[in-house]
Amino acid sequence: MMKPKLIQRYKRSERINHWVVALCFILLAVSGLAFFYPAFFWLTGIFGTPQLARILHPFIGVVMFIGFFIQFFRYWKFNFFDKEDVKWMKSVTTILKGHEVGDVGKYNGGQKGMFWLMTACMLVLVITGVIAWRPYFAEMFPISVIRLALLFHAGAAIVLIAGIIVHVYAAIWVKGTVRAMTEGVVSQQWAKKHHPRWYREVMAKTDEKPVETSITDVNQQHKL
């Protein structure tokens, strides 16, 4: 059986950046939930002590913010919505059944929506986090502002956690997607099926002949 032809989707530096941000997100979600919900306070034990968790939380947040905005400046130009994305979003039920819709570029409508949602949440989190950060900045703001900052901080965190859950689920749902961020490559069949416009753009830059997808190819792709 011939191995599927592969194309690069993410470079090593992109993948390292992604996993650094992902690790920071997990640590922040764990400590944030521990601070916000008394029933989860035991999670602070992951950091050693509650005091250490409280100290580390904002510093980890700064690392995640920097890492995410490195990603932002890499990918923002690929995440503007177009008519194909509208077509894609109107056909989500069809897509969930395994049938792609529209001439999708590097990212589909759902991925673009997640990108901008994460960007908005990150901005809210970093601004409100700085306002509430003791002992460095909180003393510069009245208590009423700090309370509002904490409220918006918690709200943005909940939205981001929910968004990341959807993001992870979607990556697992579409077979072959996780490989892109672990190995950096996807099969040509995967690219042609899920991101046809991006596939053509990549292949146009190479001397390799684009693959012709047959029914057998599609069946093999579902097994990948």
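When a residue number appears, it is its place in the shown sequence, counting from 1. None of these values were measured; they are calculated from a predicted model.
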What's the separation between atom [atom1] in [X] and atom [atom2] in [Y], rounded to the nearest 0.5 Å?
| X | Y | atom1 | atom2 | answer |
| --- | --- | --- | --- | --- |
| Ile143 | Leu150 | CD1 | CG | 8.0 Å |
| Trp198 | Met203 | CH2 | CE | 10.0 Å |
| Leu43 | Leu27 | CG | CG | 11.5 Å |
| Ile161 | Ile26 | CD1 | CD1 | 11.0 Å |
| Asn79 | Asp85 | CG | CG | 9.0 Å |
| Phe152 | Leu125 | CZ | CG | 12.5 Å |

Considering all heavy atoms of both residues, which atom of [X] and which atom of [Y] are nearest to each other, and what is their separation?
| X | Y | value |
| --- | --- | --- |
| Ala156 | Val124 | CB-CG1, 3.7 Å |
| Val63 | Cys24 | CG1-SG, 3.6 Å |
| Met122 | Met64 | CE-CE, 3.5 Å |
| Ala191 | Ile7 | CB-CD1, 3.6 Å |
| Gly67 | Val21 | C-CG2, 3.5 Å |
| Val185 | Gln8 | CG1-CA, 4.2 Å |

* Take the angle between the ring planes of Trp76 and Phe80 and call it parallel below 30°, perpendicular above 60°, tilted in between. => perpendicular
* Asked: According to the side-chain hydrogen bond (donor to acceptor under 3.5 Å, both in side chains) rule, which pairs have a member within residues 47-73, sequence neighbours left out?
  -> Ser31-His57
* Structure fact -> So side-chain hydrogen bond (donor to acceptor under 3.5 Å, both in side chains) across residues 127-155, not counting sequence neighbours, yields Thr128-His153
* To do: Verify the ring-centre separation between Phe65 and Phe68: is it less than 6.0 angstrom?
  => no
* Asked: Using the benzene-type ring in the case of Trp, are the ring centres of Phe137 and Phe141 under 6.0 Å apart?
  -> no
* Going by atom types only, do Glu14 and Tyr75 share a side-chain donor-acceptor pair under 3.5 Å? -> yes
* Can a donor-acceptor pair be found between the side chains of Thr177 and Arg9 at a distance below 3.5 Å? -> no
* Asked: Does atom NZ of Lys83 have more than 12 heavy-atom neighbours, drawn from other residues, nucleotides or ligands, at distances under 6.0 Å?
  -> no
When hydrophobic residues are tied together by side-chain contacts of less than 4.5 Å, even through go-betweens, does [X] share a cluster with [Y]?
| X | Y | result |
| --- | --- | --- |
| Ile60 | Leu33 | yes |
| Phe35 | Val62 | no |
| Val101 | Val86 | no |
| Trp173 | Phe115 | yes |
| Val20 | Phe59 | no |

* For Lys77 and Arg74, indicate whether the former's side chain and the latter's backbone hold a donor-acceptor pair under 3.5 Å. => yes
Check: [Y] and [X] side chains under 4.5 Å, non-hydrogen atoms:
| X | Y | answer |
| --- | --- | --- |
| Met114 | Met118 | yes |
| Val145 | Leu148 | no |
| Met89 | Phe81 | yes |
| Phe36 | Phe41 | no |
| Asn108 | His194 | no |
| His18 | Tyr10 | no |
| Val186 | Leu6 | no |
| Glu100 | Trp88 | yes |

* Asked: Taking the six-membered ring of Trp190 as reference, does the NZ or CZ atom of Arg179 fall below 6.0 Å from its centre and within a 45° cone about the axis?
  -> no
* To do: Check whether NZ of the Lys or CZ of the Arg Lys106 lies under 6.0 Å from the centre of the six-membered ring of Phe78 and within 45 degrees of that ring's axis.
  => yes
* Asked: Are Ser187 and Lys193 close enough, and set up right, to give a side chain to side chain contact (heavy atoms under 4.5 Å, CB included), and what steps lead you there?
  -> CA-CA 10 Å; Ser187 69; Lys193 177 183 179 182; over 6 Å; no
* Asked: Could Glu84 and Lys87 be called an ion pair, given the rule that one side-chain N must be under 4.0 Å from one carboxylate O?
  -> yes
* Is any NZ, NE, NH1 or NH2 atom of the basic residue among Arg197 and Asp82 found under 4.0 Å from an Asp or Glu carboxylate oxygen of the other? -> yes
